[in-house]
Amino acid sequence: YMNSILATGEVAGLFQKDERDGMCAEVRNDFVKDRPGLDESLLNLYAYFLDRLRDNLHITFCFSPVNAKFPIRAQKFPAVFSSVSINWFLP
């Protein structure tokens, strides 16, 4: 799921329709203020919600590059290494 969150900002099927609608209703005022020319459809509101999520979500992962599984994880989860900022802390 972390690869999906980092790549797209969401996990498909995570929220029920009523939960998505509630989240869209909560961002409606900000949507109207930030994007006045766009239609207030559920699709646009949900896209705006995901944009804000991507802008404000911060996740910390700790991987050891010495671990033998490190290259395997890099291939299995490409967004972990391509869609993020990486700070390398070496001893």
Give the cluster check for Tyr46 versus Leu53: same hydrophobic cluster or not, with ILVMFWY residues linked at side-chain heavy-atom distances below 4.5 Å. yes

Could you give the distance from CD1 (Ile72) to CZ (Phe77), rounded to the nearest 0.5 Å? 11.0 Å

Distance from Asn56 atom CG to Arg54 atom CZ, nearest 0.5 Å? 12.0 Å

Reference residue Asp21; test side-chain contact (heavy atoms from CB on, under 4.5 Å); the match among Met23, Glu19, Lys17: Lys17

Please report the C-alpha distance between Arg73 and Asn67 in whole Å, then the side-chain angles of each, then the deciding distance to 0.1 Å, and finally whether the side-chain contact (heavy atoms from CB on, under 4.5 Å) criterion is met. CA-CA 10 Å; Arg73 288 185 179 131; Asn67 190 326; 4.2 Å; yes

Does Asp51 form a side-chain contact (heavy atoms from CB on, under 4.5 Å) with Arg35? I'd like the steps, not just the answer. CA-CA 12 Å; Asp51 287 343; Arg35 299 181 183 173; 3.0 Å; yes

Using side chain to side chain contact (heavy atoms under 4.5 Å, CB included) as the criterion, list what pairs up with Asn29, not counting sequence neighbours. none

Arg20 and Phe15: which non-hydrogen atoms are nearest, and at how many Å? NH1-O, 3.6 Å

Hydrophobic cluster membership, Leu57 vs Leu50, 4.5 Å side-chain cutoff: yes

I need the minimum non-hydrogen distance between Phe31 and Leu38, along with the two atoms involved. CZ-CB, 3.7 Å

Provide the closest heavy-atom pair for Leu45 versus Val27 in the form atom of the first, atom of the second, distance. O-CG2, 4.0 Å

